[in-house]
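Since the structure comes first, as structure tokens, the remarks are kept for the end.
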Amino acid sequence: MENNKVNAKKAVMIGCGFVGSASVFALMQSGLFTEIALIDADRNKAEGEAMDISHGIPFASPMRIYAGDYDDVADAGIVIISAGAGQKPGETRLDLVNKNVAIFKSIIPEIAKRKFDGILLVVANPVDILTQVAIKLSGLPEQRVIGSGTVLDSARLKYKLGEHLSVDSRSVHAFIVGEHGDSEVVAWSSANVSGVELSEMCEMRGHYQHKENTREIADAVKNSAYEIINRKHATYYGIAMSVRRICEVIMRDEKSILPVSHMIHGAYGIEDVVLSMPAIVGADGVETDIPIKLSGEEALKLKESADALKEILASLEL
């Protein structure tokens with residue numbers, strides 16, 4: 001990213017719906033950027049959100065937030081795509097596939113035309129499929145195109161486990177891998193609380209029904225988006241904090257380990273499909289996969305998750 005035309009402190013948000021706007025609101029408070037341009041098919045919406053969020057700047061740190069256009073992409077350090085149809089009650093993330101692939105076919109070529117040289121972060125759903133579409137259509141090196149993946153799912157898992165064990169969720173180390181969606185897999189085998197095995201920690205806290213508890217927690221995490229959508233028709237605060245965290249890791253070159261959605265080559269027999277696995281993330285995007293321990297059953301479920309995604313990809317005309 002030593003390209004002198006890149007303004008590393010500039011971000012572009014494409015799509016100003018609930019997720020895009022909440023993410024910009026979170027980024028405004030983060031102090032990571034000196035400017036954020038908002039792009040939306042509805043220019044008025046982008047302008048309104050930019051105005052509203054800008055009024056919080058006196059309580060944060062100086063920066064510019066404004067409605068822009070695709071020319072703003074040229075010198076951006078990070079471009080975030082949240083544009084696309086959202087999940088309606090009763091819909092799965094994969095139901096959105098055709099609508100949102102069509103939208104990406106109009107967005108990604110616009111980015112490619114501007115010779116964009118930063119990191120592309122895909123947040124729209126189904127995030128794994130759309131990240132793969134973005135890699136294919138953008139021509140960017142694949143390590144620089146990442147999806148928010150299961151970063152949020154893993155946070156939901158940590159939150160639930162923290163609640164269950166009455167312990168700070170930041171001390172819980174646990175990942176959800178695979179598709180960000182119905183075939184996601186909880187990597188229970190590698191889950192721990194500050195190095196203490198999960199089952200041991202559970203017993204220490206007076207929980208002995210391991211099978212029932214893990215199933216309940218996994219289901220609660222997997223269904224949480226549906227539960228929230230049924231109540232308030234959208235989810236955006238959790239994902240906004242995930243976007244903020246991913247941007248922080250990239251902007252500060254933290255080399256943190258995050259379960260972002262990225263192209264997989266060979267891990268657990270999975271080849272040429274984008275899904276979430278823990279990876280070291282820094283200024284250049286995905287540096288390397290982290291080979292977490294999976295049980296035979298978890299590895300099998302992960303392979304099934306990959307196959308489900310591959311099947312959908314095969315049906316797309318790109």
Side-chain angles (χ1 to χ4, degrees), residues 11-30 32-33 36-42 44-56 59-60 65 67 78-97 99-100 103-104 107 120-131 146-160 169 176 179-182 184 220-249 258-261 276:
V12 174
M13 174 63 75
I14 301 175
C16 297
F18 284 131
V19 171
S21 308
S23 297
V24 173
F25 181 56
L27 291 172
M28 177 269 286
Q29 297 168 71
S30 73
L32 291 167
F33 300 102
I36 304 178
L38 279 63
I39 301 175
D40 195 273
D42 176 355
N44 279 335
K45 177 83 168 112
E47 284 175 359
E49 295 294 358
M51 289 162 73
D52 195 3
I53 295 167
S54 294
H55 297 161
F59 305 112
I65 298 176
I78 298 182
V79 169
I80 307 158
I81 309 179
S82 70
Q87 228 174 315
K88 295 191 175 72
E91 273 190 321
T92 71
R93 293 183 183 93
L94 292 179
D95 287 336
L96 304 173
V97 108
K99 281 188 265 194
N100 288 351
I103 291 169
F104 267 52
I107 292 172
L120 190 57
L121 172 58
V122 177
V123 186
N125 276 319
V127 69
D128 308 286
I129 303 277
L130 293 178
T131 303
I146 60 181
S148 50
T150 56
V151 171
L152 174 57
D153 311 73
S154 298
R156 286 169 171 159
L157 177 64
K158 289 178 186 188
Y159 171 76
K160 288 278 181 204
S169 58
I176 287 186
E179 179 208 352
H180 170 55
D182 295 341
E184 66 187 30
V221 169
K222 188 163 81 174
N223 296 326
S224 55
Y226 297 119
E227 294 291 343
I228 297 167
I229 289 166
N230 285 339
R231 288 167 174 78
K232 55 172 268 190
H233 307 294
T235 89
Y236 38 94
Y237 296 123
I239 187 64
M241 288 300 282
S242 307
V243 168
R244 174 184 167 153
R245 178 70 191 123
I246 296 165
C247 288
E248 186 173 51
V249 168
L258 295 175
V260 290
S261 196
S276 288

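Side-chain atoms are counted along with the backbone in the values below, which use heavy atoms only and exclude waters and symmetry mates.
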**Complete:** All heavy atoms of S23 vs all of M13, minimum pair found to be CB-CE, 3.6 Å

**Prompt:** Is there a donor-acceptor pair closer than 3.5 Å between any side-chain N or O of S261 and the backbone N or O of S148?
**Reply:** no

**Request:** Measure across A240 and A26 and return the closest heavy-atom pair with its distance rounded to 0.1 Å.
**Result:** O-CB, 3.9 Å

**Asked** Between L38 and E49, which heavy-atom pair has the shortest distance, and what is it?
**Response** CD2-CB, 3.8 Å

**Message:** Using the rule given for side-chain contact (heavy atoms from CB on, under 4.5 Å), can you reason through D182 versus Y226, listing the C-alpha separation, both sets of side-chain angles and the distance that settles it, and then say yes or no?
**Reply:** CA-CA 11 Å; D182 295 341; Y226 297 119; 2.8 Å; yes

**Request:** Quick one: pull up CD in E184 and CG in D153 and give me the separation to the nearest 0.5 Å.
**Result:** 4.5 Å

**Asked** Where do R231 and E227 land on the salt bridge (charged side-chain N to carboxylate O under 4.0 Å, His left out) test, with the steps shown first?
**Response** CA-CA 7 Å; R231 288 167 174 78; E227 294 291 343; 2.7 Å; yes

**Request:** Please round to the nearest 0.5 Å and tell me the distance separating atom CD of E47 and atom CG of D40.
**Result:** 11.0 Å

**Asked** Given side chains that start at C-beta, do those of P259 and I176 come closer than 4.5 Å, heavy atoms only?
**Response** no

**Request:** Go through the steps for V260 and T131 under the test side-chain contact (heavy atoms from CB on, under 4.5 Å), then give the verdict.
**Result:** CA-CA 10 Å; V260 290; T131 303; over 6 Å; no

**Request:** Rounded to the nearest 0.5 Å, what's the gap from CZ on R244 to CD1 on I239? Could you check?
**Result:** 14.5 Å

**Item:** Whether D128 side chain and H180 backbone form a donor-acceptor pair below 3.5 Å
**Value:** yes

**Message:** Would the distance check show the side chain of S154 and the main-chain N or O of V151 forming a donor-acceptor pair, the cut-off being under 3.5 Å?
**Reply:** no

**Asked** If you look at every heavy atom in V19 and S82, which pair is closest and at what distance?
**Response** CG1-CB, 4.1 Å

**Interatomic distance, Y236 atom OH to I228 atom CD1 [nearest 0.5 angstrom]** = 10.5 Å

**Message:** So, taking the atom named CD1 in I36 and the one named CD1 in I78, what distance separates them when rounded to the nearest 0.5 Å?
**Reply:** 10.0 Å

**Request:** Of all the heavy-atom pairs spanning I65 and M28, show the shortest one and how long it is.
**Result:** CD1-CG, 3.7 Å

**Request:** Report yes if the side chains of D52 and S21 come closer than 4.5 Å at any heavy-atom pair, otherwise no.
**Result:** no

**Complete:** Per side-chain contact (heavy atoms from CB on, under 4.5 Å), V122 is matched among I14, V79, V127 by V127

**Prompt:** Taking S276 for the side chain and T150 for the main chain, is one N or O donor matched with an acceptor at less than 3.5 Å?
**Reply:** yes

**Asked** Given side chains that start at C-beta, do those of I246 and I80 come closer than 4.5 Å, heavy atoms only?
**Response** no

**Nearest-0.5 Å distance, CD1 of residue I81 to CG of residue L130** = 8.5 Å

**Message:** Which heavy atom of I39 sits nearest to which heavy atom of C16, and what is that distance?
**Reply:** O-SG, 3.7 Å

